[in-house]
Every structure is written in structure tokens, then in C-alpha cells.
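Heads up, the thing below is written out as C-alpha cells.
Bear in mind the structure is a predicted one, so any value in this text is a computation, not a measurement. Indexing begins at 1, ligand by ligand and atom by atom, following the structure's order. All residue numbers in this chain count up from 1 along the given sequence.
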Amino acid sequence: MSTMMDMNTITKNLKALTLKQLSALGEKRYRGVQLYRWIWKRGEDRIENFSDLPKVFRQKLIEEGYYVGSIEERKRLVSSVDGTIKFLFSDFESVYMPSENRRTVCVSSQSGCSLGCRFCATGLLGFKRNLHFWEIADQVLYIQKAVGQKITNVVFMGMGEPLLNLPNVKQAIRIMTSHIGLGIGVRHITVSTSGIVPGIYELADFDRRVKLALSLHAAIQEKREKIMPIARKYKLDELKEALKYYYQKKRRRITLEYIHLAGFNDTDEDVEALYEFTRGLVVKINLIPYNPVPEFDWKSPTEEEVEDFYWRLKKRMLDVPMTVRWSRGRDVMAACGQLALIEKIDPSFLRITSGESA
Ligand code: SAH
Ligand code: SF4
């Protein structure tokens with residue numbers, strides 16, 4: 001009996017309910033819109049303060065045990081270099097990156113990750129669990145309230161593979177882009193994937209025109225398999241087809257992320273392969289100098305090496321926009337690939353200054 005009850009328990013956390021479910025709580029349908037607006041747009045977490053709702057309705061909700069939940073912050077690390085803040089929540093992390101004209105939150109979609117890329121700290125943790133949609137959206141709301149600034153951009157580049165948790169990722173994007181929700185422009189949301197082909201098709205067919213980033217990292221099949229086990233399952237030619245489909249449906253230039261692993265994926269052969277891969281695609285390349293993760297022994301490229309690689313690529317494909325992303329927040333282990341709930345902060349990173357981020 002009690003197991004049955006547990007299984008059928010509907011959550012009382014209003015944040016975990018969809019607009020449809022919220023609407024079903026009141027006798028009038030627009031109560032759902034009002035609730036949603038209080039929760040996601042105004043960020044109010046006390047039902048008694050929902051002032052445009054009848055007092056009896058508020059009381060009824062409270063008496064029935066409804067509440068506005070929140071993700072729980074465990075720790076906050078503020079970068080002394082560039083204002084980046086890493087938030088550690090219960091079992092996942094988010095990063096806040098302010099710049100002159102935008103304030104970006106890098107969100108996690110899973111706790112840990114099952115894909116084990118051989119350069120990524122999150123991969124070392126293994127897979128813990130999928131985050132619920134409200135936990136994903138709440139990273140943005142929580143940080144927005146914590147820093148007292150409107151969040152303008154979201155990147156799904158924290159922990160986890162978003163395309164392996166698509167139902168929750170899609171619902172979180174609905175909350176982020178809704179005008180009665182977080183109100184973030186859909187073109188200011190980027191989903192980054194290691195290359196889950198069926199997920200790319202599904203996201204292409206999703207009714208929100210978000211931007212897509214593919215973690216390519218090598219355009220030579222065998223090389224890619226060496227650093228990304230998932231590459232064995234989804235091959236480069238299939239990926240390219242999926243990217244073409246995405247562009248056809250969304251008409252948004254796709255970002256190819258390419259971690260520069262000094263001496264590994266920066267040869268002339270790699271340049272040629274990357275040129276071949278980009279042919280027929282509408283893409284831009286984002287070069288990411290490898291951020292050190294103690295468990296791996298890749299070499300971070302020097303500035304000269306990055307510059308040299310950049311120009312060799314540029315010469316080969318003049319028409320492909322290219323940027324170098326010197327990751328931010330290295331001193332608080334908040335840079336790309338460094339999210340692993342570890343509090344190892346190497347003081348030697350403190351002198352590293354940062355540039356632009358994604
Ligand atoms: N799972 C998704 C999104 C999270 S990873 C994906 O792989 O795309 C976000 C980005 O950080 C990816 O491009 C990833 O490849 C990159 N990254 C991982 N480890 C890194 C490291 N050590 N240095 C630089 N970038 C890294
Ligand atoms: Fe997972 Fe992305 Fe890290 Fe690979 S790079 S292990 S897919 S989080």
C-alpha cells in the first residue's frame with residue numbers, strides 16, 4: 001500500500017509542475033499562468049506573497065502541502081581574475097560568467113556523465129543521474145537572484161550530455177524562453193553535444209530555435225575515437241548529415257568546438273580533415289586551448305602554439321569564422337572540462353588571465 005502511494009505521489013514542489021499541471025490546481029485556468037509567473041518570472045518563493053491570487057486559494061495550496069522548491073547551494077567560488085563564479089549545488093555545478101554586454105550561465109544537465117571523454121573531469125565521475133527540468137532551469141533563476149542581475153545567455157556546457165536527457169532539457173528550455181518564465185531570447189541559448197546523432201535530429205525538430213554546438217575535437221575518425229568513446233557509436237559522416245539537417249531546420253550557424261590538445265590534434269593532417277568536415281556546412285570554429293585536468297596528461301598549448309594552429313586553419317578555410325576561447329574561471333576550476341565537484345584549486349592558475357568566453 002505504502003509503495004503504491006509513493007509511486008503515485010505527485011510532487012508538491014510547484015517548480016516541478018508544468019504550466020498545464022499548474023493550471024489544473026486552480027478552478028480557473030489562468031491561475032496556472034499566474035503561478036508560473038510568480039515562480040519563474042518573479043522568482044518569488046513564498047506562496048503567501050503571490051498577491052494577485054485569492055487568499056483562500058493561496059491558503060488551500062499551503063494547507064495541501066504545496067511549496068516552491070529550490071536547488072541547494074553548497075559552495076560558491078569567486079574567481080579573483082574575471083568575476084566568474086562557480087556554484088556547487090547538491091551534486092552538480094553551474095558557472096556564472098559576466099562580461100560587458102551579457103551575463104551567461106553555464107548549466108549542468110546531468111550529475112556526472114556516462115561518456116568518459118579522455119580530457120574531461122566530469123567524465124571521470126561517471127554517470128550519477130539525470131537532472132529534472134526544474135533543477136536545470138532553477139540554476140538560471142537561482143544565480144540570477146544570487147547575483148542580482150538578469151541572466152541574458154545560457155550555455156549547456158556544464159556537467160553532462162544534454163542530448164541524453166532531452167525530455168528534461170527541452171522542458172527547461174521552455175521555461176527559460178517563456179515570456180512568463182525566465183524570458184531569455186531563444187538565440188541566446190546554446191546546447192553543446194558530444195555528438196549524439198538521434199538527439200541532434202530531435203533537437204532540430206524541437207519547436208525552439210536554440211543554437212547548437214558540436215564538440216568535435218578531431219575530424220579524423222580514428223583520432224576522435226581515441227579521445228571520445230562515443231565517437232565509435234556515432235561516426236563523423238553521420239554527424240555531418242545530422243548537422244546539415246539541423247541547419248536546414250533551424251537556419252542557425254552551428255559551432256564546432258575544438259579542444260586544442262598540443263601535439264595531438266593540431267597537425268597539418270588535422271587541418272585538412274577539419275577543412276573537409278566543414279565543407280558544405282554552415283559553421284564556425286571555436287578553438288579551446290585544453291584546460292588542465294590533473295588525471296590526464298595532455299599538454300595545454302602555449303599561446304604561440306594556439307596562434308600557429310589558428311592561422312594554419314584560417315588560411316585553409318578563410319570563409320569559416322573562427323574564435324579562440326581562452327576559458328574563464330580557471331583559478332576556481334570552473335573552466336570547460338573542469339567541473340567535477342572537486343575543490344582542488346591550484347594556486348598556480350591564479351596568474352592566468354582570461355579572454356572571451358562562448
Ligand atoms: N557533454 C557536452 C556538454 C558539456 S562539455 C559536450 O561534451 O559537448 C562542454 C565543453 O567543454 C565541451 O566542448 C567539452 O568538450 C569541453 N571540455 C571538456 N573538457 C575540457 C578540457 N579539459 N579543456 C577544455 N575544454 C573541455
Ligand atoms: Fe561528458 Fe561532455 Fe565531458 Fe564528454 S566532454 S565526458 S560528453 S561532459
Classify the angle between the aromatic ring planes of Phe309 and Tyr258 as parallel (below 30°), tilted (30 to 60°) or perpendicular (above 60°). tilted

Out of Leu239, Asn286, Val191, Leu281, which residue meets the side-chain contact (heavy atoms from CB on, under 4.5 Å) rule with Leu214? Leu239

From the candidates Ser300, Gly123, Gly160, the one that places a heavy atom nearest atom 1 (N) of ligand 1: Gly160

Looking at Ser194, which atoms of ligand 2 are within less than 4.0 Å of one of its heavy atoms? 7 (S)

To check your reading of the model: name the closest protein heavy atom to atom 3 (Fe) of ligand 2, its residue, and the distance in Å. Cys120 SG, 2.4 Å

Of the choices Ser109, Cys113, Ser215, which has the non-hydrogen atom that lies closest to atom 13 (O) of ligand 1? Ser215

So which heavy atom in the protein is nearest atom 1 (Fe) of ligand 2, and how far is it from that ligand atom? Cys113 SG, 2.3 Å

Surrounding NZ of Lys250 (heavy atoms of other residues, nucleotides or ligands, distance under 6.0 Å), is the total greater than 12? yes

Check whether any side-chain heavy atom of Ile189 lies under 4.5 Å from a side-chain heavy atom of Phe156, and answer yes or no. yes

Evaluate the ring planes of Tyr245 and Tyr201, with Trp represented by its six-membered ring, and classify them as parallel (under 30°), tilted (30 to 60°) or perpendicular (over 60°). tilted

Is it the side chain, the backbone, both or neither of Phe296 that has a heavy atom closer than 4.0 Å to ligand 1? neither

Under 4.0 Å, heavy-atom basis, I'd like to know which part of Glu161 is in contact with ligand 1: side chain, backbone, both or neither. both

With atoms numbered from 1 as shown, which atoms in ligand 1 lie under 4.0 angstrom from a non-hydrogen atom of Thr193? 6 (C), 8 (O)

As an exercise, identify every atom of ligand 1 less than 4.0 angstrom from a heavy atom of Cys120. 18 (C), 19 (N)

Please determine if Phe119 has a nitrogen or oxygen closer than 3.5 Å to a nitrogen or oxygen of ligand 1. yes

Taking non-hydrogen atoms only, is His217 closer than 4.0 angstrom to ligand 1 via side chain, backbone, both or neither? side chain

Ligand 2 atoms in contact with Gly123 (distance to a heavy atom under 4.0 Å): 6 (S)

Would you say the ring centers of Phe119 and Trp298 fall short of 6.0 Å from each other? no

Hey, is NZ on Lys249 packed in by over 12 heavy atoms from elsewhere, all under 6.0 Å? yes

Within the 4.0 Å heavy-atom shell around Val293, which atoms of ligand 1 are there? 22 (N)

Residues Glu241, Lys244: salt bridge by 4.0 Å N-O rule: yes

Is the CD atom of Glu64 crowded by more than 12 outside heavy atoms at less than 6.0 Å? yes

Taking only heavy atoms of Phe156 into account, list the atoms of ligand 1 that are under 4.0 Å away from them. 3 (C)

A student checking ligand 1 against Ile288 at a 4.0 Å heavy-atom cut-off should list atoms 24 (C), 25 (N)

So for Gly158, does at least one of its heavy atoms come nearer than 4.0 angstrom to any atom of ligand 1? yes

Considering only protein heavy atoms, which is closest to atom 4 (Fe) of ligand 2, and at what distance to one decimal place? Cys117 SG, 2.3 Å

Regarding ligand 1, does Asn291 bring an N or O atom to under 3.5 Å of one of the ligand's N or O atoms? yes

Got an N/O contact under 3.5 Å between Glu257 and ligand 1? yes

Counting heavy atoms only, which part of Leu115 comes closer than 4.0 Å to ligand 1: side chain, backbone, both or neither? neither

Closest non-hydrogen protein atom to atom 2 (Fe) of ligand 2, residue and atom name please, with distance? Gly160 O, 4.5 Å

